[in-house]
Amino acid sequence: MAAINDLISQIENPELRARIQAEVDRMNKQKKFGLVFEEHLPECTPLYDIPVRRGALVALKTGKINEVYRVTKIVGDTAECERKETNEQATFSVADLVTVAEFGEPIYPYLKPLDSVCNAPDSDLWHTLIEADNYHALQLLEYLYAGKVDCIYIDPPYNTGAKDWKYNNDYVDGADTYRHSKWLSFIQKRLKIAKKLLNPYDSVLIVTIDEKEYLHLGCLLEEEFPNARIQMVSSVINPSGVALNSEFARTDEYLFFVKFGKCGPQAVPLSSEWSASNNTAKEISQPYWRTLRRRGSNDLRKDRPNMFYPIYIHEESGKIIRCGEALPIHISRDQIKSSEDGVSIVWPIKSDGSEGRWQIGQEELMDRLSKGFVRTSTKNQYGWIPTYLAKGEVDKIKDGIYTLLGRGGANNEVQLEGETGDRRFVPGTQWRISSHNARENGSVLLNKIIGSKRFNFPKSVYAVHDALRFFVINKPNALIVDFFAGSGTTLHAVNLLNAADNGLRRCIMITNNEVSDDEAKALSRDGHNPGDDVWSSMGIARHVTWPRTVCSIEGHDIKGNALKGNYLGSDAPMADGFKANAAFFKLGFLDKTAVALGRQFKEMLPTLWMKAGAIGHCPTVAEDELDMLILPENQFAVLIDEMSFAEFRQQIAVHPEINTIYIVTDSEPGYREMIAAFDGKQTYQLYRDYLDNFRINTGR
């Protein structure tokens with residue numbers, strides 16, 4: 001190390017010398033076992049909608065995004081710049097430059113509305129698609145939903161060696177010696193934020209991968225989520241297989257399930273294909289309703305006279321009305337008559353006609369009845385047969401072994417999963433399901449919608465649907481995030497889940513707007529540059545993800561023709577679409593000073609809407625000069641001028657549906673005093689809450 005330090009000391013450029021020294025110091029601290037990889041240069045993101053200004057960090061639109069310059073002067077249409085690494089001076093046309101954000105640099109994101117689709121005007125549920133580099137979009141989601149996400153499903157680039165993903169705006173291919181460590185560095189940064197989004201007490205992260213990186217990914221997941229329970233599933237997605245020379249044909253991929261807190265796969269109704277594909281499928285345990293009349297030893301009236309009492313039951317419905325007093329042993333039950341029309345008395349009579357006794361006393365029976373643990377389901381010659389859940393079965397409900405679906409029936413008894421007659425079980429780790437075929441239910445389905453092959457290897461919508469439903473079937477209001485959204489399969493799958501049980505699960509998708517390497521070359525030959533309208537129109541988000549979202553919701557292809565066929569497992573025609581709504585945004589970046597001065601409220605409004613739950617159509621305002629904004633249809637309100645607080649409080653009082661309140665003030669004591677009037681509401685201080693979040697959470 002002494003020799004290396006001597007060589008470093010000979011470097012003349014002080015910034016470069018300090019940076020190399022820091023890297024050497026970091027290498028010395030690296031662990032000797034486990035997953036070791038290069039962190040590489042910080043990632044940079046082009047900000048095409050941010051003007052090039054003096055002092056800004058910029059790069060050439062047609063150059064490497066990590067070759068960063070700082071603008072020292074702008075004279076007319078030219079910018080005088082200094083290379084950040086070497087202090088080299090250079091002059092460029094402003095039109096050839098793009099502003100960039102480096103990893104770890106504070107950014108202040110906002111959501112710029114691009115489009116929306118509303119096929120359920122009476123529903124408050126809105127999905128969202130965000131066009132963005134997913135790292136900065138994840139930073140925004142951390143501000144919006146830290147600890148509130150139920151499920152993250154991602155299908156990251158598989159690092160196959162083809163040019164299928166970018167690091168620092170350059171495609172990484174098989175000739176790149178560091179492609180594995182670049183991929184790990186790329187994924188790790190995003191997983192660190194994803195961890196902050198997930199509910200630590202009950203949530204799941206699902207990651208799909210192939211054999212090129214599954215070993216590295218497994219180690220990375222173990223390191224980033226040491227307290228989680230991780231399991232890997234193998235799923236056949238291409239039965240015909242794909243093989244290169246001298247290789248077995250690859251038919252499957254892998255799914256990592258990273259489970260937090262009490263989260264675990266739930267037993268769901270599954271076809272016989274699931275059990276046939278894996279003999280280790282775990283059938284759901286069936287709740288046992290015990291007959292109220294005692295069986296076995298000591299089951300006679302004379303054994304426990306105080307357990308021989310009448311139960312009054314409505315003859316037609318089977319509803320238990322009440323219990324009578326225990327009948328003394330010397331009194332015949334024939335002396336007890338019902339005085340109510342349509343109500344009969346049931347006694348614990350055995351099949352041979354002898355008098356038995358009940359398992360529990362009247363007081364305990366009525367207590368269990370009130371809690372839904374008693375029901376009447378069948379009749380015999382002596383009337384309705386009452387049954388109940390013993391303490392052990394009740395404990396299984398409390399422990400989550402039996403899933404409570406609701407209450408119903410004549411006695412408002414509990415309805416438990418597994419009692420409907422459906423075959424519900426948790427499968428094993430080998431999935432060979434025909435509907436998971438990525439060609440038939442991925443590529444062919446997508447081409448049916450958008451009419452051309454613009455996206456390679458989309459997932460089967462049913463493969464995503466099945467992976468999700470094991471974890472959100474009993475969460476009808478789940479928040480689901482996909483920050484490698486690609487063609488938009490995840491939102492499509494969430495709409496299928498909601499259609500099956502009238503759920504209100506909400507999906508947030510994030511995808512970049514990249515064009516392929518071949519498309520980029522063709523666009524460049526035609527004189528187009530990244531960020532211009534023609535280039536952007538050909539990107540994934542605008543050319544694939546959003547059109548698929550609109551068409552699948554409205555039930556037609558991009559030409560307006562009704563989609564043909566039905567969704568598998570249901571009689572629902574694809575042409576019917578879904579009762580769902582979605583909003584499409586582009587991630588932009590705000591000026592910190594302008595935000596602090598309240599000059600960009602219009603731009604901030606969609607972010608406030610999302611933080612309040614994305615309820616109702618995203619609101620807009622015509623100007624920034626407002627005293628307050630009361631939005632009962634969106635269930636939030638904003639106080640902009642503190643002087644209007646008295647009127648604001650009155651407005652909140654007449655709109656109890658408002659659950660989220662934003663107060664614009666620089667005074668911490670003033671903010672505390674004002675929110676005291678809104679007990680039980682979610683309150684936030686603007687713009688301090690927003691600015692502090694992105695100043696602190698830089699990812700360093």
Side-chain angles (χ1 to χ4, degrees), residues 111 113-131 137 140-141 144-145 147-153 197-199 202-204 405-406 461 464-465 468-469 471-483 485 488-511 545-556 567 570 572 574-585 605-620 631-637 655-660 682:
L111 296 170
L114 295 180
D115 200 358
S116 64
V117 56
C118 180
N119 203 38
D122 296 330
S123 174
D124 287 333
L125 173 66
W126 282 76
H127 304 298
T128 47
L129 169 63
I130 301 174
E131 174 192 313
L140 177 62
L141 290 192
L144 300 176
Y145 302 122
K148 296 181 179 179
V149 174
D150 297 289
C151 174
I152 293 178
Y153 177 99
L197 298 180
L198 289 161
N199 177 355
D202 185 9
S203 63
V204 65
L405 303 179
V461 68
V464 180
H465 167 275
L468 293 175
R469 70 172 175 150
F471 296 92
V472 300
I473 190 169
N474 297 320
K475 296 179 179 179
N477 298 299
L479 177 58
I480 299 163
V481 171
D482 181 351
F483 54 87
T489 308
T490 301
L491 192 149
H492 202 158
V494 170
N495 280 333
L496 276 174
L497 286 166
N498 285 339
D501 62 4
N502 297 313
L504 296 173
R505 301 171 186 87
R506 182 158 61 99
C507 182
I508 299 172
M509 296 193 301
I510 301 167
T511 186
T545 322
W546 181 244
R548 178 189 185 157
T549 297
V550 174
C551 291
S552 62
I553 288 176
E554 294 184 338
H556 58 76
Y567 285 107
S570 74
M574 292 185 183
D576 285 354
F578 299 103
K579 297 301 179 184
N581 310 307
F584 182 22
F585 300 100
L605 192 54
T607 301
L608 304 183
W609 169 74
M610 281 198 71
K611 193 171 180 67
I615 298 167
H617 201 290
C618 182
T620 59
L631 299 167
E633 65 276 17
N634 303 116
Q635 297 184 20
F636 77 90
H655 292 292
E657 64 270 34
I658 290 177
N659 295 316
T660 304
Q682 290 285 336

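Along the sequence shown, residues carry numbers from 1. Worth knowing before you read on, the calculation uses all heavy atoms, side chains too, and leaves out hydrogens, waters and symmetry mates.
- Partners of Asn477 under the side-chain contact (heavy atoms from CB on, under 4.5 Å) rule, at least two apart in sequence or in another chain, are Leu504.
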Q: Assess whether side chain to side chain contact (heavy atoms under 4.5 Å, CB included) is satisfied between Ile508 and Leu144, documenting all intermediate values.
A: CA-CA 12 Å; Ile508 299 172; Leu144 300 176; over 6 Å; no
Q | Worked check of side chain to side chain contact (heavy atoms under 4.5 Å, CB included) between Val117 and Trp546 | A | CA-CA 10 Å; Val117 56; Trp546 181 244; 3.8 Å; yes
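- In terms of heavy-atom proximity, Leu631 sits nearest to Pro619 at CD1-CG, 3.8 Å.
- Remark: His127 engages no residue in a ring-ring contact (aromatic ring centres under 6.0 Å, His included) (not counting sequence neighbours).
- With sequence neighbours excluded, the residues that form a ring-ring contact (aromatic ring centres under 6.0 Å, His included) with Phe578 are His492, Tyr567.
- Looking only at atom types and distance, the side chain of Gln635 has a donor-acceptor partner in the side chain of Asn659 under 3.5 Å away.
- Judged as a side-chain contact (heavy atoms from CB on, under 4.5 Å), and not counting sequence neighbours, the contacts of Gln682 are Thr660, Tyr684.
- The shortest side-chain heavy-atom distance between Asn498 and Leu125 falls under the 4.5 Å cut-off.
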Q: May I have the step-by-step check of side chain to side chain contact (heavy atoms under 4.5 Å, CB included) for Leu140 and Leu111, ending in yes or no?
A: CA-CA 9 Å; Leu140 177 62; Leu111 296 170; 3.7 Å; yes
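- Qualifying side-chain contact (heavy atoms from CB on, under 4.5 Å) partners for Ala485, counting only residues two or more places apart in sequence or in other chains: Asp482, Met509, Thr511.
- With sequence neighbours excluded, the residues satisfying side-chain contact (heavy atoms from CB on, under 4.5 Å) with Cys151 are Val204, Ile206, Leu468, Val472, Ile480.
- Residues passing the side chain to side chain donor-acceptor pair (under 3.5 Å) test with Thr489 are Ser487, Arg548, sequence neighbours excluded.
- Judged as a side chain to side chain donor-acceptor pair (under 3.5 Å), and not counting sequence neighbours, Asp576 has no contacts.
- Separating the OG1 atom in Thr128 from the CG atom in Leu141 is a distance of 7.5 Å, to the nearest 0.5 Å.
- Applying the salt bridge (Lys or Arg N to Asp or Glu O under 4.0 Å) definition to pairs two or more places apart or across chains, those involving residues 501-511 are Asp501-Arg505.
- Atom CG of Leu491 and atom OG of Ser552 lie 7.0 Å apart (nearest 0.5 Å).
- The shortest heavy-atom contact between Ala582 and Ile553 is CB-CD1, 4.1 Å.
- Two residues are said to be in side-chain contact when any heavy atoms from C-beta on lie closer than 4.5 Å; Ser123 and Lys579 fail this criterion.
- The salt bridge (Lys or Arg N to Asp or Glu O under 4.0 Å) check on Asp202 picks up Lys475, with sequence neighbours excluded.
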Hey, can you pull the donor-acceptor pairs under 3.5 Å for the side chains in residues 605-614, sequence neighbours left out?
unit_1: Trp609; atom_1: NE1; unit_2: Ile615; atom_2: O; d: 3.2
unit_1: Trp609; atom_1: NE1; unit_2: Gly616; atom_2: O; d: 3.0
unit_1: Lys611; atom_1: NZ; unit_2: Tyr143; atom_2: O; d: 2.5

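- By the ring-ring contact (aromatic ring centres under 6.0 Å, His included) test, Phe471 pairs with Phe257, sequence neighbours left out.
- If you take CD1 on Ile130 and CG on Leu114, they are separated by 11.0 Å, rounding to the nearest 0.5 Å.
- The backbone N or O of Asn119 sits less than 3.5 Å from a side-chain atom of Asn581, completing a donor-acceptor pair.
- A distance of 10.5 Å separates CZ in Phe585 from CG in Asp115, rounded to the nearest 0.5 Å.
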